[in-house]
Amino acid sequence: MAQCVQSVQEFIQDSFVPMVAVLCSEDAEKLTRKNNLNFSELLRPFCRLTSEGHMRDPNNQVQVVKNLRISVNNVVTRPSVPASGVPGHAHRRLLSEVVLTCQPAEGGVANVITAGDYDLNISDRSLKASVPWYSDWRDTLTELSTSKHYTGLLVVSSSEAVPVEKFLKLSQEQHRIQHSGEYTNPKWFIPNTLKYYVLLHDMSQGDEQRADSVYEDMKQRYGAQGCYLLKVNSRTAAAGADEQIPDPWSQYLHKNSLQSQDEDPAPVVVNNTAVENNVGGTSEVDGHDSEEKDGVLVNSLDNTHPLQLDTPSDTPGSLDALRAVAVETKPPPIATGVAAATSHGACLTLNDHDRIRLFIQEFTFRGLLPHIEKNIRQLNDQLVSRKGLSRSLFSATKKWFGGGKVPEKSIAELKNTSGLLYPPEAPELQIRKMADLCFLVQLYDLAYSCYHTAKKDFLSDQAMLYAAGALEMAAVSAFLQVGAPRPYPAHYMDTAIQTYRDVSKNMILAERCALLSAEVLKSQAKYSDAATLLIKMTSEDSDLRSALLLEQAAHCFINMRNPMVRKFAFHMILAGHRFSKAGQKRHALRCYCQAMQVYKGKGWSLAEDHINFTIGRQSFTLRQPENAVTAFRHILTNDSQQTSTQQGAFLREYLYVYKNVTGACEVALPQLPLPCINSSATRVYFGHERRLAEGEKQAATHVSLDQEFDRDLAAMWQDLEEQVVAAAKRGVVPATFQPTQCCLNSQTDNLRFPLAVVEEPIIVEVVFRNPLKVPLVLSDLSLLWKFTLKDFNRPQPQEDSVGDAVAISNEKEASVPRTPQKDDVIATEVIPEFYLSPEETKLARLKLLPHQTGQLNILGLVYNLASTSSTGDTTINSTAASQSEGPSAAEGTSVRGRQDLEIQGPRLNQTKEEKTSVSHGPDRRLDPTITPPMPLLEVFFLQFPTALLCGEIRKAYVEFCNVSRVTLCGLRVASTHPDFFTFGSSSLATPLTPLSPTSFENCSAYKTLATPPGATPGSVAAVTLVSEGDFGSGIGLRGGGVSGTGGKGITEIPLGEGTLKPGESTQLPLWLRGPDQEGVHEIHFLFYYESAEQGGKISHRVLRHTVFICASRSLSVRATACRSNTLPEEEEERNGSMLVFVDVENINSSEAGVREFHIAQVSSSSKQWRLHKCINPAEDKDCKLTSRERGKLCFRATRCKPLQVPLKAVEKYTFADLSLGNELIITSTTPCADFFFRRCQPLESLRPPVAMETQGRHSRSQGVGHGGGAKDIAGVVRKCNEVDLDIIILWKAFVVEDNKQVILEGQLHVALQTIDKEACSLTQKEEAQEMVLLKFKPELPPPMTRPSMEQLSHLIKTNLQYPESYSHPFNQKSLCMVPVTLTLSNCSLAQVDVIIDLRHKTTSPESLEVHGSFTWLGQTQFKLQLGAQEVMRVQLQACFLHAGVYNLGTPRVFAKLADQGAMCETSQQTATPALIIIINST
């Protein structure tokens, strides 16, 4: 049915039009059937007049009739509407078919309505809240309620033998139908029905001359105004098939009324004989009618008017009448296949169309309008002639009852007078009939006056049904008046509707009245009133009517000036529900879809679930499974607030629908909504899963999916890898270096394609989340991938032709479970079953094993989704399923589908364009490049401890295994704690190791020698010269690096031939030393190795290992170096000596089970100094310390002999070992020397370099005061106080474990840097720095600091040599003169100017009481110059006057650097008191 956009005025005019009944002869019917049409259908497209008609009103004024339409129908003698006014089965069926066959056009462009925050796609915004199916239903309902015929067409074919006789028979038949009383239908408007005689002539077969002659005879008999000759069928049907002629009939024919309905093809059956359809044409007025039947097409009283109460009830066959009346309804835009199968008007030409159009015009202008004008005049004259009596009677009655105006009473106050009948000649009915005639010919002013008068009369008589009809038509007439002289009386309509519905119980008339009023209100933009009226008309007796009216009310809400969007949506839901109950599934689906636009995304989850569930069910019922799947997917993916039972029902419905979709068409696997996958949390691991510990073997931790990602740790590993790569590449990190990433996640750098190795698995960890409150079961879970072969061993061209290569995918095999996969390319792991509890988040790890090189793209997951027996009540949808309302899934329904892994890369924020827009970079973690084979290293640790004492030395073993098919080389290790371990030095310095770890028990980790028999503990030390390079270390390691490898903390692991062949393994000893600080230490190892086959895509590989060591306190060692003021007694002491005091304290807690510590040996290592001997050895052989005991040791240290050191061994260290027990530990070998060189960075490396002192320093004497001079002064002075002596304390601890005594051994280091400054083996904890203010201005560099007075006072060391006692006969000689030698030693490496002043005397009384006073004889002041480290002796003479004890330490020595002329001399530290005893010999 074509959608016709009409104004309200046109709609009302078309609702009330003159109806013409057709009686057609059998030959005439056959003639029209050549065009697949009957005669009334033939005329229907031409029933609207295109020209204006004219007629005169009762006042003899010419009135123009515009756009008049007539309705032509066959005579049907069965009633179309029951007398009760309640729609019968046939009536409801017809209306349902009208709505069902009119559906919205698919693919139509919808108008977007913006209402507040909503953008709604409504296709009928321009139709003033009207839709085609509603218009068709409204028109059909209106036609069913207004079916009174005004005139009749008698049609006869010219081929009849005697056409005039046929006309006579048809005229008599019409008279019998109207006046005999045998038939209650059809209804006739007036008794003197107009008869118009039509002679139908077939141009292709008939004799035209005979037809003309018959027509002339007709004009003589019926008059020229009452007959017509219509010529049709100007061509044959065969000729018409070749020429395309427009078909105007298809849009007017109701297809369902022509097909799929079992009806008698004869239009009228009277007394079981076919009524011959007359063709005639006089405007004969039948004056022999015994009674009048009031009615007009627009009569508001319709078929149930009180004058027609004899209408029988509805009969089963009345659907034929309904179809005959409803043929005016427009065809739906869908189901065009039916129209294409049947063509109409095949024998008609365009000239025939014009003849039919001219016939209708002639019939209307010459027959119908003059007849109506004549009846209006007659009725007006009758009313005027009766005016006096009626008016006097009415006026007297009105005066008697108090007023000339009858008050309009409410319906509740009026009694039920539906049974009141007026006689046909009653003046009230004559007024009403005149009003109807005036309304037909558009005399709305006169019609309103008549209706208004009739309304008053009916109300006076309390004839409510008559009054309701008059009120309804008066309101419509008032609305249609030109210029709108009076406002639309909406209250008339309300009263009429209430009367029809509540008093007369006639819902058909109430519906028609409400529809008319609603259209008028909508045209006046009174949408709120129209919606209220429509909602009031909804009831439970008719779902279809309620659905259509609720939908119209919803459209009224959306068309208001301020659109009420939520009311629109709510009423669309109600309309959809009623459509569903009425069997209108498509309209129900459309209503729910439109309402979903409002509820979607507003947080009303329960409403969304209900709508989506209904949309899914309706779509499935309408065989739209794709839409059903989409709707159910929304229910399952959103965070639902439904109960578990309801969610289980939703899930089963979805699975059932989905299974039907996949079963109907074999297409690619669709996307499944469950479970939810957090794609960004997907992790990808490259490489084998490491073997766990085997017996005593502890495997390297490396990287696993069980470890949490730590950004700081990742940066640390990258830094270690850069160091070891730089060491392997001669100190330079290649520009193409990319850090190894074995596990990719959302926080790693995924901008580049990751590199995987062929024959090594790729593990993808996917995070599943079950959003439902019911469990889910996934089966046959595997990965989907696409792979492009590529050979990396052959040289690739510049233009990479990967795009030309054929991509291999497993999608086809994965779509069918348990189908053999393409394992020759990539082996795909399948998880048989994966269970997800309600609202559970769970990880799944799926494995791929590539067997060929190329580019791999991991696309997503494929699995079977199933519900379990606990997903809800199985009977929740049993009723609906039995009625085929929707799917009802059985328990355990399983469907197969996929979910893609789409990962959004990081947001780009580098350039200006990227900052101002939202753009994301790629994330390549699922697109690895499969490279050729590489070596694969596995590392195992044997006897590796988890707890150590601070400084404890433990020996362990490391096993290296090459588990690949490629030779391994270049094995190195980097660590965050290079001082924690050592693999030993060269074979000459490494002690012999046991063949196996089991033979290591109770063997010392050190290289030891037995102490020579008779040797005294602490006697002269054994001395060894060692180079740091002998231990694979250089100066760099003391700064944390290893020389020879080019990086900090990098150790090259010695392999037998430098390589490890496939399948081979090797075991190496590993010495460990406990950290110096107590606590738990996290120590990281990074093993680096390369492939022996160069030129691969991957340059190197790494293996990570992390250990945690718990360090417990052992010993605390404090050491101090002091100058020795005694003269060297031995040759070793000639170059200088000092005293070293070592204070050892046992700070171990008893929890460790250590009984006591033994100080087994004290050694030293330095380039300048060495321990010479122990001054106070303990009485027993070992120095034992129990808990919290402290021991003191004193050693003499001497400078190394310059002559013993070769010129090329400047960088060699002197190791001196002083054993305090029975064994001598060779500290210059592994592991003692290794850990010494791996100790923490000494202060020396932090100091700026000092220039070597030369004899030419005097030439720079003028540089004092400049930056360089100050720097030199500081360096020279500092050298005077530097010691640079490292003390190594080797100890043994006796521990009881499992009732067995175990001997632990270890070593502690103390670095002596400065004279008289204490050094400790434990690093003092730094106090928390106080918060300082930020300074935004750059600070000036600090000025060069000059040496302090204390530092300058150590340039010269003094010593007085004299006899301890001296005897002198004072009686004989009063003056006692004693010779004294003052020894001056230059401690610096520069020339020093020295001043000796003997004039100083002690003046303090306390000193005089203890020591007597004496004087120096001879020269009292000396000025000397001492060379670098020069020793000079000055002879002095002291003079004593009395015997006693004297202090000779009174000389004051001042010194300064010789080249610093502007500097004043600084007083040097004096020696300890030099006491001499003067004895009187007499």
Side-chain angles (χ1 to χ4, degrees), residues 679-688 703 705 709 714 717-718 721-722 725 733-766 783-811 825-828 846-861 900-908 910 919-936 1090-1091 1095-1102:
S679 297
S680 62
T682 301
R683 297 196 295 170
V684 185
Y685 176 79
F686 302 99
H688 285 283
V703 181
L705 290 169
F709 180 79
W717 286 118
Q718 180 177 345
E721 187 174 356
E722 288 183 1
V725 168
V733 178
T736 58
F737 166 76
Q738 294 297 331
T740 302
Q741 296 184 122
C742 298
C743 184
L744 301 179
N745 53 48
S746 59
Q747 302 183 60
T748 55
D749 182 11
N750 305 324
L751 295 178
R752 299 174 182 82
F753 292 97
L755 300 179
V757 180
V758 69
E759 301 297 340
E760 292 188 13
I762 301 171
I763 302 175
V764 179
E765 181 185 85
V766 183
L783 289 172
L784 287 174
W785 48 263
K786 183 177 67 175
F787 184 74
T788 306
L789 293 173
K790 188 176 182 182
D791 189 358
F792 293 100
N793 293 324
R794 292 184 298 179
Q796 299 294 327
Q798 293 295 330
E799 59 281 353
D800 197 356
S801 60
V802 176
D804 300 335
V806 178
I808 305 172
S809 175
N810 71 332
E811 292 188 49
V825 179
I826 293 180
T828 306
L846 299 111
K847 186 185 299 183
L848 297 176
L849 182 62
H851 297 300
Q852 299 188 36
T853 59
Q855 182 64 46
L856 174 65
N857 303 102
I858 300 173
L859 306 176
L861 300 160
D900 293 336
L901 293 174
E902 298 176 352
I903 303 176
Q904 187 181 59
R907 179 175 177 180
L908 302 178
Q910 299 296 326
S919 58
H920 296 268
D923 192 303
R924 309 284 191 187
R925 75 180 90 163
L926 295 177
D927 304 323
T929 301
I930 312 300
T931 62
M934 284 288 292
L936 185 63
E1090 301 173 356
S1091 173
K1097 191 88 173 169
I1098 303 177
S1099 61
H1100 67 276
R1101 305 190 80 175
V1102 295

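Atoms considered below: every heavy atom in the structure, side chains included; atoms not considered: hydrogens, waters and symmetry mates.
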Of the non-hydrogen atoms in [X] and [Y], which two are nearest, and what is the gap between them?
X: Pro734; Y: Val725; answer: CD-CG1, 3.6 Å
X: Glu760; Y: Leu849; answer: C-CD1, 3.7 Å
X: Leu751; Y: Pro922; answer: CD2-O, 3.3 Å

From [atom1] ([X]) to [atom2] ([Y]), nearest 0.5 Å:
X: Arg752; Y: Thr929; atom1: CZ; atom2: OG1; answer: 13.0 Å
X: Leu926; Y: Ile903; atom1: CG; atom2: CD1; answer: 4.0 Å
X: Ile762; Y: Lys847; atom1: CD1; atom2: NZ; answer: 11.5 Å
X: Ile1098; Y: Thr931; atom1: CD1; atom2: OG1; answer: 3.5 Å
X: Gln904; Y: His920; atom1: CD; atom2: NE2; answer: 3.5 Å
X: Leu784; Y: Ile858; atom1: CG; atom2: CD1; answer: 10.5 Å

May I ask you to decide if [Y]'s main-chain N or O and [X]'s side chain share a donor-acceptor pair within less than 3.5 Å?
X: Thr788; Y: Ala807; value: no
X: Tyr685; Y: Glu765; value: no
X: Ser809; Y: Trp785; value: yes
X: Thr828; Y: Leu848; value: no
X: Asn750; Y: Asn745; value: yes
X: Asp923; Y: Ser746; value: no
X: Arg925; Y: Val684; value: no

Problem set entry | Intermediate values then yes/no, side-chain contact (heavy atoms from CB on, under 4.5 Å), Lys1097 and Thr853 | CA-CA 11 Å; Lys1097 191 88 173 169; Thr853 59; over 6 Å; no
Exercise. Could you walk me through whether Asn810 and Val825 pass the side-chain contact (heavy atoms from CB on, under 4.5 Å) check?
Worked result: CA-CA 10 Å; Asn810 71 332; Val825 179; over 6 Å; no
Problem set entry | By salt bridge (charged side-chain N to carboxylate O under 4.0 Å, His left out) - contacts of Arg924 (at least two apart) |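 Expected list: none.
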For this session: Tell me, please, which residues at least two apart from Asn857 pass side chain to side chain contact (heavy atoms under 4.5 Å, CB included).
Result: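 Applying side chain to side chain contact (heavy atoms under 4.5 Å, CB included) to Asn857 gives Lys786, Gln855, Leu859, Asp927.
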Please output the side-chain donor-acceptor pairs of residues 737-744 that fall under 3.5 Å, not counting sequence neighbours, one pair per line with the distance.
unit_1	atom_1	unit_2	atom_2	d
Thr740	OG1	Glu721	OE2	2.7
Gln741	OE1	Asp749	N	3.4
Gln741	NE2	Asp749	O	3.0

Exercise. Step by step, would you call Gln852 with Ile930 a side-chain contact (heavy atoms from CB on, under 4.5 Å)?
Worked result: CA-CA 7 Å; Gln852 299 188 36; Ile930 312 300; over 6 Å; no
